[in-house]
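Since this is a predicted model, take the numbers as computed values, not measurements. The figures that follow rest on heavy atoms only: side chains count, while hydrogens, waters and symmetry mates do not.
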Amino acid sequence: MKRYNPKEIEPKWQKVWEDRKIYQASEDPAKPKRYVLEYFPYPSGAAMHVGHVRNYTIGDVVARFYRMRGYNVMHPMGWDAFGLPAENYAIKNNISPQQAIAENTTRFKQQLMRMGFSYDWSREINSSDPSYYKWTQWFFKLLFDRGLAYQKESPQWWCETDKTVLANEQVESGKCWRCGNEVTKKSLKQWFFKITDYADRLVEDLEDLDWSDAIKSMQHNWVGRSKGAEITFAVETSKQKTAKEEKIIVFTTRADTLFGATFMVLAPEHPLVMKIAKDSQKSEVEKYVKQAQVKSDIERQDTDREKTGVFTGAYAINPANNEKIPIWIADYVLYGYGTGAIMAVPAHDERDFEFAVKFDLPIRQVFMESGDDPVNPPQEKFKMIKRKTVVVHLRDRSSGKYALLNWHGTLEGITTAIMGGIDEGETAENAALREISEEAGIHNAKIVKTARWISAATYCASHKQVNRKSISTAVLAEVDNLSKQTEVADYEKKTHTLIWVTGDAVEESLIPINQKQIWSYLQNETALTGEGEVINSGEYDGLLTSDMREKIVADLAKKKVGKEVVNYKMRDWLISRQRYWGAPIPIIHCPKDGAVAVPDDQLPVELPEVKSYQPTGEGASVLAGVEEWVNTTCPKCGEPAKRETDTMDGFACSSWYFLRFADPHNDVEPFSPQKAKFWLPVDDYIGGAEHAVMHLLYARMWTKVMYDAGLVEFKEPFTALRNQGMILAPDGQKMSKSKGNTIEPDELLDQGYGADSVRLMELFIGPWDQSAAWSVKGLGGTYRFLNRVWTICQEHMTEVTKLETEDQTQKVENQDISKELRRAVHQAIKRVSVDLHDMGFNTSIATLMELTNELYKLKRSYPVGSAEWHDALSILLQLLAPFAPHITEELWQQLGGQTSIHTSSWPLWDDALLVNNIMKIIVQINGKLRAEIHIATGASEIQVLDTAKANERVASYLQDHKIKKSIYVPNRLVNFVV
RNA sequence: GGGGAUGUGGUGGAAUGGUAGACACGCUAGUUUUAGGAACUAGUGCCGCAAGGCGUGAAGGUUCAAGUCCUUUCAUCCCCACCA
């Protein structure tokens, strides 16, 4: 008997498939098309590991499954070859990037080939090939012509030692990754794509996509659309005659809190900062601005950092109440978002609160929480009364307990702190001591602290009106001992009883929600965010915050000091790279005509060969040093002009590659519209979640640009997106070259496991969309499984030869077992077909293992060698073919297959063959499993119930009980309720 | 802080509201002269000699029946993050 030897059969079949071109796709209108795509890889210096392989395995199984089901499948592969890592790799190894890419793609391709993936290699593309980037440049021009590519001064990280700009990710804690020196910011003219023009569409069109919620929400958050208002604050006019009136525009999503704005904050980079700063503060302000410049983003983004800032000396006028409020600068306000200036509402914004506490700025509450109320129905509106009140939490130091009041009469059921009104001319503290003495009979209490700002509205007890509320000051007081406590007046006794509770019990004892809020505020003073009922806001008092938001914006708009605006977190896409290894930006700078696009007939603008790829400095790529390349003539006027020396971000190349696969060799246009229409959009896009917001957003934007330009007829490039889970190293850590814990497929193949076992393991290890740690022992399991498949096929064929040479009449006939064999096979067809359709790879493989185990059992009583066995084994091989293409092809041919198993038709199941003669019914009593009965299929409910009751075990349980109810789930279970 | 996800045996993981633990790893025993990473057969959630009981992060609830649905809560991971 031949042994299973993957090392021998795998290369053999890979060559046959390549020679016969069985995976080549063409526009065959007779079949439905399916475009299956995995992210095209970045051929870096590090080899591909089993984590990458999982991505391609998933795509390959999907592609093969659809191919066998009669789809016209396109499954292409190419190389995302431009970019920094390749350039750095080349510099490090002292070779050209071209050479580095050539070497790496060769190695990657070999690795992919060895895994037996069914790629149509005739469509292979390479983004660094002039025949490809010619069209990337063409698309740049398309964006340029449509006003979507523009140049702007933008501050970039700059390393003075290396004389180069650095990408954000190359700055580590404010230091250059190469030399370790501190970096600064330098303003450079940069190219941008106006992705913000597409912000709304990028969010709206997400809805219909078959993508995971995780990625959708990431993109949603990344675009960060927020509806709010811009409000104009006038800067208080200076007494100096020369000064003209300045205005500060802020962006806010909470216009409803405008009355609570007690100061303003500008970002240090804000252009008004030096203009409005008063002379007395100028040196302080300058110092702060300089400090902020040096701070790295990482430092500034540390939310745990204490707030810093300086006062400018200037004041602004709050347009709502004409109040004069101080203007500060602080780096917690980001220049890049909104208008770079905010109105600070410390009572209702945690950052502003923190800042106000640190610099002792006023805090004013302008709404209060409106929560569920046990006494009043929530729909009933409260009346605010003008009288201010005080709420006092009194602690007895000797017992640690707090004083609370249980109320009687109209306020029955309410438990509050000691409270009462603040009389004319009285401070909150005085009122607190007076109330303690009146309501608790304690005269030696001391004030511990008064809350920084008024907290929440309370019931107005003295008016015996539960539907009235007043605004209260919260006070914490203490008393040393209760020896001097006296009786309280009779009228006090009537309204309430004093109780003492431990600190832990205070919150739960307090009844109206407002009382709880005051307590928790006293414990931990913080901003009140969220929504509520407006207070302290003049004519707007009593509105819900959400309603006030709309009203005040409308009112401000009438006065032309405000308007509704939408803001995005997303910025325009900076695509300039001062690096060599990228597609040159096809622009010529003419002293007369400005930035002029290179005419189509001069594309591609090819990368010239250079001696050194090391960035030279001054914020330009090495291309700036290639004079014969830089110096050219203006396409418009013919006068001497210079080429743009920046190259494009690699993400530009990957923003359209999926379209190029449809027509990879076209040299007159990026793709033929017909071919694009035939293949696109991508039906299954498979890759890791790391591309969630970069590539996937950029590609979607480009597609929309193409749609607007009439180049394509679809708005979204990827109908379904599938993010596979990561494969971790056996130690549970992320695989990385630097950690030295990577496992490459090649080592497993060299050990003799074979690509088929590895492919199976990639998927059997767990659900495809969840990460899992690689298991070498598990790989032994899939290898063993393939061996069992191999062995049973060999046994069958040995038997066939024996039967052919010996006696044909000795064939064993057994109707029941033959039926059982067919049932097992058809059940597997059904389960694998359904599971594969839903990408249930691990359960599909489990089903195939189960079927194999079952076949082993059946062959003991029903020897292999018959035509029925031939059919059963053929189907097993077909079901296994998408997962393990080599072994199934080999055995398929050994069994007499004339053409490739991979071009055979996916088997169909027959429901009639799935039915068993005997059905198994579970018997439960009160939902607990008690017995299992077997009964002929098709038995009626009564028959089943009777049989169940007759069961010995069931009978013993039913003996002393009456059946209240019998539930019968057909063909499944019986439940007796007793 | 915001968003997303995940919690089931010794391990990876299965379970249209209907037998929890399929399949596999590991482990235990047995068979076979067996040096091949063996293969095959049987067993393997926990407690218990057994009958039986207990079991899906925790606590409640809905239901004849809950891993699955609802409410609360805890833990872990990922992404974004001083975004006004």
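For U19(B), the base has a donor-acceptor partner in the side chain of K920(A) [N/O atoms by modelled type, under 3.5 angstrom]. Between the base of C64(B) and the side chain of K964(A) there is no donor-acceptor pair shorter than 3.5 Å. No hydrogens or angles were tested; on distance alone, a donor-acceptor pair under 3.5 Å links the side chain of R972(A) to the base of U16(B).
For the pair G781(A) and P767(A), nearest-nucleotide mapping onto RNA chain B gives the more 5' position to P767(A).
Side-chain N/O atoms of R784(A) include one lying less than 4.0 angstrom from OP1 or OP2 on C25(B). Close to C64(B), at under 4.0 Å from its OP1 or OP2, lies a side-chain N or O of K965(A). Phosphate contact (OP1/OP2 of C54(B), side-chain N/O of K928(A), threshold under 4.0 Å): present. When the side-chain nitrogen and oxygen atoms of R788(A) are compared with OP1 and OP2 of C23(B), none of them lie within a distance under 4.0 Å. R831(A) has no side-chain polar atom (N or O) that falls below the 4.0 Å cut-off from OP1 or OP2 of A14(B). Of the side-chain N and O atoms in Y332(A), none sit less than 4.0 angstrom from OP1 or OP2 of G1(B).
Straight-line distance from the CG atom of L973(A) to the C1' atom of G18(B): 5 Å, rounded to whole Å.
Judged by distance alone, with hydrogens and angles left aside, the side-chain atoms of R700(A) form a donor-acceptor pair with the main-chain N or O of L202(A) at under 3.5 Å. Judged by distance alone, with hydrogens and angles left aside, the side-chain atoms of Y288(A) form a donor-acceptor pair with the main-chain N or O of D331(A) at under 3.5 Å.
With respect to the salt-bridge test (charged N to carboxylate O, under 4.0 angstrom), the residues D769(A) and R722(A) do not qualify.
Note: Y335(A) and H270(A) have perpendicular aromatic rings, judged against thresholds of 30 and 60 degrees for the angle between ring planes. Note on ring orientation: taking the six-membered ring where Trp is involved, the planes of Y332(A) and F355(A) are tilted (angle from 30° to 60°).
Which of A24(B), C25(B), G3(B) sits closest to the side chain of N853(A) comes down to A24(B).
In this structure C25(B) sits in a base pair with G10(B), meeting the Watson-Crick or G-U test at under 3.5 Å.
Syn is the conformation of G36(B), whose glycosidic angle sits no further than 90° from 0. Base orientation at G9(B) is syn, since its O4'-C1' glycosidic dihedral falls within 90° of 0.
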